[in-house]
*Asks:* 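One structure follows; several queries about it will come next.
Letters go in sequence order (proteins before strands), and every chain restarts at 1.
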Amino acid sequence: MNTLTLPLLRLSLSIAIWCGCSTASLAAPEGTTLRSSERLALVKQRGTLVVGVKTDYPPFGQLNPSGVPEGFEHDLAEDLAKRLGVKLVKQSVTGANRLQKLEEGAVDLVLATTGDTAERRKIATMIEPNYYASGVTLFMAPDQNIADWSETRGKKVCATQGSYFNRAMAQRYLLDLQMFTSARDAKLAVKDKRCVGYLFDNTAIAGDLRLPEWAGYKAPLQPVLNTPWAIAIARRDAGTDFERIVSDAVADWHRSGFAAEREKAWGLPPSRFLSDSHSLWKRVGPDAKPVCTRGADGQWPSACRNPVFLNSNDSSGLRRLGLWVKESTGVDLSLIYDDYDRGRFVSGLGTTLLLMLLCVAGSLLVGVIGAWLAEARLLVISPLARLACVVGRMTPPLLLMYVMVFGLGSALMARYGIHISALAVVVGCLSYYTGASVMNALLYSADAKRETEPGYQLHWHTLKALARSSSGHITAALINVSKATMMASAVAVPELLSAVTSIMADNGNVAVMMNSLLLTFLILVFAAVRLLKALERKFVGGAP
Amino acid sequence: MTLVNPDVLRELITWTPYLLSGFALNIFIAMLAMLIGTGLGWGLALMRLSSNPRRLKISLMLTELTRNVPTIVFQFYLAFMLPGEFCCPEPASRSGFRGG
């Protein structure tokens, strides 16, 4: 060999080693090459997939009368094995040993009602997307008539000690929790009517409802505090082709509606999670490709992932910046970086602006027309108009709104099926209230004018003459009405205050949202005041 | 839906004392707010009329700030932002008895 070959050989060897190493590297950023999983290779070689499933949690996993394991999750596992082209072998696991068995290698995959939490993500690989979600609902006696969560406020509700959701639910709905040590005691208390219902996981309750001893019992309330479930594989299989295949399978379950169909087949009440997932994964973007397609890094886009687990590295753009700020300073500006919260805030802001505009216009209209009617000296109408003015000024607008929406509104709904829009009611009530103030100011000015011009009567063309003396009062009334639009949140109009309180309820970022609300209002009202004063100047300025 | 429904009358008679006690609270809040408001307003007016330019500026700023915020928003703000409870500092004599 000549002098060049040895260094050349060394060079080519190191290049070969480097190439070999890079293909084996974790989570290749360019996305096309995945690490190959030893576990998947073993499964293919063996020809069987061992899945850990529950057999004591009907209808997700149970033993039928002949002792054969079956259930909703068993069907999903069957589909997985079919996709991998191997046979399914079921291994019974419990909540206590499922992840341990996975770590030991006794099972290849765990599909056993496992909640997807941050602690569990440290010891296993949780497949995203999540295949199901469970929430908290109320197990009730047959004659109990609670139709909505809001009706549980202040009521006695049974619960078992140690459930993670007890505190959150008690705080949110102001429940009077009666603690029991076991589920059996809690359910017996429901039977004895010592409480209105038993607060527990909706899937466990679904299992109980199938038993003959609880025939007639029900759990109609929509589950809240939803925790998603995930399929678990071994920790070392993160970023491998095994994870990729299972993850694609779950995505397909959502897209094709297979999971929802199986849910129905097992007699489970249709869950919001599955119907929402179905529409999300079916949605097609403007480029005719599904919205939830893997990006260049092999990950699902943020909109299709479990938002609880997104950190700044998984996201891009504005969301990345927002999450980074949250991680470093603890300030959660979700109304800027999260599109759903931002959407809610912006639409709330839009509704508030609309309310302000409509109320100001309505008040002016009511005020001017009322004053003209009062001054027209008509037989019945004029004194009636003056009476309406007095009543309008004395009645608190919020009271009027409640009477209209909950009193008249529900009566009309019950009797004639007519639905009155809450927004219309708010605009009507506030316009009436402020219009009465405007009318009062105009009538007062008219009276004052008559002292110098005895023949004066308020008309469309003589209105300008009153401008200077009444404009101050009128502008003040209009500024007040633009601030009063916030009352609309009391009758569930989705304006800014209600948008902010719901964002706060979802994210817990109280200080940020309250300060944002305050700041937004300062700016809004400041602008409204300047605008109204400019309009006033323009209107008055022309008069002599 | 007759105008004088006996059921409605019965309900009104049962619940009126309870409603009146609530109404008494309304009146109490109104009187208290009027008292405090008058006091604060008088203070602000004095500051506005004073010859000290800083006091004038502060008075103007406070007036502008509180005028621009709707009352209901301010109520929500205080309800969420004010602490529910706060600890009183421990008196000096107690600390001497702590754990040896």
*Asks:* Please report the shortest heavy-atom distance between A:Leu522 and B:Leu65, naming the atom on each side.
*Replies:*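 Smallest interatomic distance, heavy atoms only, reads CD2-O, 3.8 Å.
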
*Asks:* Using modelled atom types only, decide if a donor and an acceptor are shared between the side chain of A:Lys483 and the backbone of B:Ile72 within a distance under 3.5 Å.
*Replies:*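 No, because the side chain of A:Lys483 does not come within donor-acceptor range (under 3.5 Å) of the backbone of B:Ile72.
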
*Asks:* Please flag which part of A:Asn480 lies under 4.5 Å from any non-hydrogen atom of chain B: side chain, backbone, both or neither.
*Replies:*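 Contact with chain B: none, neither part.
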
*Asks:* Are there over 12 heavy-atom neighbours, none belonging to B:Arg55, within less than 6.0 Å of that residue's CZ?
*Replies:*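 For B:Arg55, atom CZ is not crowded (no more than 12 foreign heavy atoms under 6.0 Å).
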
*Asks:* Contact part of A:Leu497 toward chain B, heavy-atom cut-off under 4.5 Å: side chain, backbone, both or neither?
*Replies:*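 It is the side chain, since no backbone atom gets that close.
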
*Asks:* Would you give the length of the straight line joining atom CZ of B:Phe74 to atom CG of A:Leu518, rounded to the nearest 0.5 angstrom?
*Replies:*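 B:Phe74 CZ to A:Leu518 CG: 7.5 Å, rounded to 0.5 Å.
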
*Asks:* Shorter than 4.5 Å, heavy atoms on both sides: which option in A:Leu524, A:Leu517, A:Asn515, A:Val529 has the most such pairs with chain B?
*Replies:*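 Of A:Leu524, A:Leu517, A:Asn515, A:Val529, A:Asn515 has the most heavy-atom pairs under 4.5 Å with chain B.
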
